[in-house]
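Working notes for the structure below.
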There are 2 protein chains.
Amino acid sequence: MISRVLDTAEGPLGVAEVLERAQSDLPGLGIATVYRTLKLLTDQGRIHPVTLDGETLYEASGRGHHHHFSCTSCGKVFTLHTCPVALPRGTVYPGGFIVEAHEVTLYGRCPQCAAPQA
Amino acid sequence: MISRVLDTAEGPLGVAEVLERAQSDLPGLGIATVYRTLKLLTDQGRIHPVTLDGETLYEASGRGHHHHFSCTSCGKVFTLHTCPVALPRGTVYPGGFIVEAHEVTLYGRCPQCAAPQA
DNA sequence: TTAGCTGCAAATCCTTTGCATACAG
DNA sequence: CTGTATGCAAAGGATTTGCAGCTAA
């Protein structure tokens, strides 16, 4: 169930959000179970944690290369499928740093917050 | 003093590292003071927090646009002054996201760890 | 003497763990 | 009946706050 919540989310979710959404279908679900399940799914590689501004969020794995967009207005985090950098594994960065992976987070206004309130 | 520690660091530091380095000059310095000072400097805008893999690190502000490189071998975090993305403020990202800022973290091996152990 | 910092220890907050219970096989 | 998962509450670890003492002006 918790796995399903993350699969259907539009982006990574925090523990509290996972709890709330899961409780819609499972009233009485405890926070401890959420933590336990998130850890379990993480160990199984089915989901993985993302830390953003000190908050730990979780998202389903296997969605391919992607990055995140954090809305400075509503605070929601979205998943972006377009990558703004070209840094294949093995690229040597100025200074002699050998790049194996990269992570990008964009900040700004999401479509909803940018649109004039309809 | 704590401010000086961060100014002379080669990259962002964690609370524990700040404490250790500062204690070299201020034996008996308490952890509470470190937390209090880091928060104070942050509010003053003289330093700012960076979260990396769940760890909260602090670095001096005013060093211009830069990004971080986290060594997967030794765990140290370095500051990079070359930016791999071209996303000026106001760029509209596919999907309608208005970009105000971006953050990039590269992972890989630092020059020291990449070099054959001399 | 007064104001501001500091260390110590108690208080919080978030996450994990222990335990007795409840459901599935 | 047996084993696993769960909720509740206690335990942990990290960060914050309260408080009395210390230093500088």
Side-chain angles (χ1 to χ4, degrees), chain A residues 1-9 11-61 68 70-72 74-77 103 105 107, chain B residues 1-9 11-61 68 70-71 74-77 103 105:
Chain A
M1 183 66 235
I2 287 178
S3 180
R4 178 177 310 286
V5 166
L6 290 172
D7 279 338
T8 60
L13 301 179
V15 174
E17 292 164 313
V18 171
L19 175 64
E20 278 175 38
R21 299 195 185 194
Q23 283 185 329
S24 309
D25 297 85
L26 293 174
L29 172 64
I31 187 76
T33 301
V34 173
Y35 277 110
R36 274 190 283 237
T37 307
L38 289 176
K39 181 193 259 272
L40 181 69
L41 291 172
T42 299
D43 290 343
Q44 296 180 342
R46 299 185 42 190
I47 65 175
H48 61 96
V50 177
T51 0
L52 223 121
D53 297 312
E55 295 281 293
T56 300
L57 311 178
Y58 292 84
E59 70 181 350
S61 298
H68 300 116
S70 173
C71 181
T72 53
C74 66
K76 285 211 199 85
V77 177
E103 222 164 72
T105 304
Y107 295 87
Chain B
M1 182 68 234
I2 288 178
S3 181
R4 180 176 308 288
V5 166
L6 289 173
D7 280 337
T8 60
L13 300 179
V15 174
E17 291 164 314
V18 172
L19 175 63
E20 278 176 37
R21 299 194 185 195
Q23 283 185 328
S24 309
D25 298 85
L26 294 174
L29 171 64
I31 187 76
T33 302
V34 174
Y35 276 111
R36 273 189 284 236
T37 306
L38 289 175
K39 181 192 258 271
L40 181 69
L41 291 173
T42 299
D43 290 343
Q44 296 178 343
R46 299 184 43 189
I47 65 174
H48 60 98
V50 177
T51 357
L52 224 118
D53 297 312
E55 296 281 293
T56 299
L57 311 177
Y58 292 85
E59 69 181 351
S61 299
H68 300 115
S70 173
C71 180
C74 68
K76 284 210 199 85
V77 177
E103 221 165 72
T105 303

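For the numbers below, each heavy atom of this structure counts, side chains included, while hydrogens, waters and symmetry mates do not.
For the pair B:L26 CG and C:dT6 P, the computed distance is 9 Å after rounding to whole Å. Remark: P of D:dT17 and CG of B:L38 are 14 Å apart, rounded to the nearest angstrom. Between the CG atom of B:L29 and the P atom of D:dC22 there is a distance of 18 Å, rounded to whole Å. In this structure, NZ of B:K39 is placed 14 Å from C1' of D:dA14, rounded to the nearest angstrom. Following rounding to the nearest Å, B:M1 (CE) and C:dT6 (C1') show an atom-to-atom distance of 16 Å.
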Under-3.5 Å N/O pairs linking protein and nucleotides 20-25 of chain C:
none

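Distance check: B:Y58 OH to B:R46 CZ gives 15.0 Å after rounding to the nearest 0.5 Å. We find the CG-CG distance between A:L57 and A:L52 to be 6.0 Å, quoted to the nearest 0.5 Å. Here the CD1-CG distance, from A:I2 to A:D7, works out to 12.0 Å after rounding to the nearest 0.5 Å. For the atom pair A:R21 CZ and A:T8 OG1, the distance stands at 7.0 Å (nearest 0.5 Å).
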Inset, instruction - Determine, step by step, whether A:L19 and A:L29 satisfy the side-chain contact (heavy atoms from CB on, under 4.5 Å) criterion, reporting the C-alpha distance in whole Å, the side-chain angles of both residues, the deciding distance to 0.1 Å, and the verdict. - result: CA-CA 8 Å; A:L19 175 64; A:L29 172 64; 4.2 Å; yes

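If you check every strand for non-hydrogen atoms under 4.0 Å, A:I31 touches nothing.
In this structure, the side chains of A:R36 and A:L40 stay at 4.5 Å or more apart for every pair of heavy atoms. A 4.5 Å side-chain heavy-atom check between A:L6 and A:V18 finds at least one atom pair inside the cut-off.
Among the nucleotides D:dT6, D:dT16, D:dC19, the one closest to any side-chain atom of B:R36 is D:dC19.
Checking side-chain atoms of A:E103 against main-chain N and O of B:T105 turns up no donor-acceptor pair under 3.5 Å.
Other residues, nucleotides and ligands contribute at most 12 non-hydrogen atoms within 6.0 Å of the CD atom of A:E55.
The residue among A:A32 and A:L40 whose nearest nucleotide of DNA chain D is located toward the 5' end is A:L40.
Of the residues in residues 49-59 of chain A, none lies under 4.0 Å from DNA chain D by heavy-atom distance.
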